[in-house]
Amino acid sequence: MPDPLPRAFYTRSALEVAPDLLGNILVRELDGHRLAGRIVEVEAYLGGEDAASHAFRGPTPRNRSMFGPPGHAYVYLIYGVHHCLNIVTGPEGDGQAVLIRALEPLEGVELMRANRREAPDRQLTNGPGKLCQALAIDRRLDGHDLCLGETLWLEPGPQPGEPICAGPRVGVRGDDLALNRAWRFYLKGHPDVSPAPQNRLPCTLTRPTPNETSHD
DNA sequence: GTCAAGATTAGT
DNA sequence: CTAATCTTGACG
C-alpha cells in the first residue's frame with residue numbers, strides 16, 4: 001500500500017495543487033472496507049481575493065479548517081442536503097482549498113452503491129455531493145488530517161493519460177474574477193466528470209503535470 | 001431572534 | 001424549472 005501524499009504536496013498554492021490532484025486516489029476506510037476513487041475533476045478556491053470562496057470573509061466557525069494547516073479536509077453541508085469535500089492547501093492561515101468534484105470509482109463500488117440509497121443505479125461519484133454520499137463523508141470528517149493514512153487520505157496514482165482541461169468554476173457567484181478565471185480542472189472526455197454545461201466549451205490544455213512527489 | 005441564500009441533486 | 005432541507009452569517 002503506497003504512503004499517503006505527504007504534507008509537502010499540499011503546501012503549495014491551490015492553483016498548483018488542483019491540477020496535480022487529478023489522477024491521484026482518494027481513499028476512504030469505512031468499517032474495515034476500503035473505498036477508493038481516482039480524482040477526475042477539481043476546483044481551486046483561494047482566500048482573500050476570491051469572492052466565490054468560503055474564506056472570502058475570513059475565518060468563521062464553519063470554515064475554520066480552511067485556515068488551518070494544509071493537508072486537512074474541509075467538509076461543509078450545502079443546501080441543507082449534500083456535503084462537499086475540500087482539501088486545504090497553501091500556507092496555514094491563507095484559507096486556500098481545492099474542492100473535489102468527481103471521482104472514477106475504483107474500489108468498494110458495491111458499498112458506494114449501498115451508501116447512495118437514493119439513486120444506487122445512477123453514477124456514483126460524478127459530482128461533489130454524490131461522491132461524499134458514496135464515500136460516507138460528512139461534517140464529522142471536517143478538519144481530518146489527510147496525511148495520517150487513517151479513515152480518509154490520498155494516495156499517489158498513475159499519471160493521467162488524458163489531457164487536462166481548465167475552465168470556469170461551476171455554480172459559483174461573485175465578481176468578474178470569481179466567475180471567469182479558469183480554476184476548474186478535469187480530465188478531458190472522462191465519463192465520470194460531473195454533468196456541467198462547461199464541459200463542451202473550448203478546453204484549455206494545461207501542462208503535463210508531474211503527479212509524483214518528485215524531488216530532484 | 002429573524003431571515004435570505006447557498007461551491008447540489010433528482011424529479012417534473 | 002423547481003423542491004428538498006438546514007446551517008451559516010448578517011443584521012439588529
Side-chain heavy atoms nearer than 4.5 Å, only ILVMFWY residues, links allowed to pass through others: does that put A:Phe185 and A:Leu99 together?
no
B:dA7 - base-pair partner by Watson-Crick or wobble geometry, distances under 3.5 Å:
none
Please give, in whole Å, the distance from B:dA5 C1' to A:His54 NE2?
11 Å
Residue A:Arg57, side-chain heavy atoms: nucleotide from B:dA7, C:dA10, C:dG9 that is nearest:
C:dA10
Check whether A:Phe9 forms a cation-pi arrangement with A:Arg12 (NZ or CZ under 6.0 Å from the six-membered ring centre, at most 45° off the ring normal).
yes
Is the distance from OP1 or OP2 of B:dA7 to the nearest side-chain N or O of A:Arg173 less than 4.0 Å?
no
When the P atoms of C:dA3 and B:dA4 are compared, how many Å lie between them, rounded to an integer?
15 Å
Measure from the side-chain heavy atoms of A:Pro128 and tell me the nearest of B:dT9, B:dA7, C:dA4.
B:dT9
How many whole angstroms separate atom NE2 of A:His83 from atom C1' of C:dA4?
14 Å
Heavy-atom pair of closest approach, residues A:Leu103 and A:Thr125
O-OG1, 2.7 Å
Should A:Trp153 and A:Leu5 be regarded as members of a common hydrophobic cluster, given that ILVMFWY residues are connected when their side-chain heavy atoms come within less than 4.5 Å of each other, either directly or indirectly?
no
Phosphate-side-chain proximity, A:Arg62 and C:dC6, N/O vs OP1/OP2 below 4.0 Å:
no
Do A:Leu26 and A:Val75 belong to the same hydrophobic cluster, where Ile, Leu, Val, Met, Phe, Trp and Tyr are linked whenever their side-chain heavy atoms lie under 4.5 Å apart, directly or via other members?
yes
Does C:dT8 have its OP1 or OP2 closer than 4.0 Å to a side-chain nitrogen or oxygen of A:Thr60?
no
Atom CG of A:Asn86 and atom P of B:dA7: how far apart are they, to the nearest Å?
11 Å
Can you tell me how far P of B:dT8 sits from CZ of A:Arg169, to the nearest Å?
11 Å
Are the side chains of A:Lys130 and A:Arg122 in contact, using a 4.5 Å heavy-atom criterion?
no
Of the candidates B:dA7, B:dG11, B:dT9, the side chain of A:Met66 sits closest to B:dA7
In whole Å, measure the gap between the P atoms of C:dT2 and B:dA5 for me.
15 Å
Considering every strand shown, what is the Watson-Crick or G-U wobble mate of C:dT5 when both distances are under 3.5 Å?
none
From B:dA10, C:dC6, B:dA7, nucleotide with atom closest to A:Leu77 side chain
C:dC6
Side chain of A:Val172 only, heavy atoms from C-beta on: which candidate in B:dA7, B:dT8, B:dA10 is closest?
B:dA7
Identify, between A:Arg122 and A:Arg101, the residue whose nearest nucleotide on DNA chain B lies closer to the 5' end.
A:Arg101
Relative to the 5' end of DNA chain C, which residue comes earlier, A:Tyr79 or A:Arg139, by the nucleotide with the nearest heavy atom?
A:Tyr79
Nearest whole angstrom, please: distance from the C1' of C:dT8 to the CG of A:Asn63.
10 Å
Measure from CG on A:Asn126 to P on B:dA10 and round the result to the nearest Å.
8 Å
Stacking check A:Tyr45 vs B:dA7 (5.5 Å / 30 deg)
yes
Looking at the side chain of A:Val81, which of C:dG9, C:dT5, B:dA7 is the nearest nucleotide?
C:dT5
A:Leu131 has an atom CG; how far is it from atom P of B:dA7, in whole Å?
16 Å
Whether A:Arg116 contacts B:dT9 is assessed here as follows: a side-chain N or O lying under 4.0 Å from the phosphate OP1 or OP2. Is that the case?
no
Take atom CG of A:Asp175 and atom C1' of B:dA7, then tell me their distance rounded to the nearest Å.
15 Å
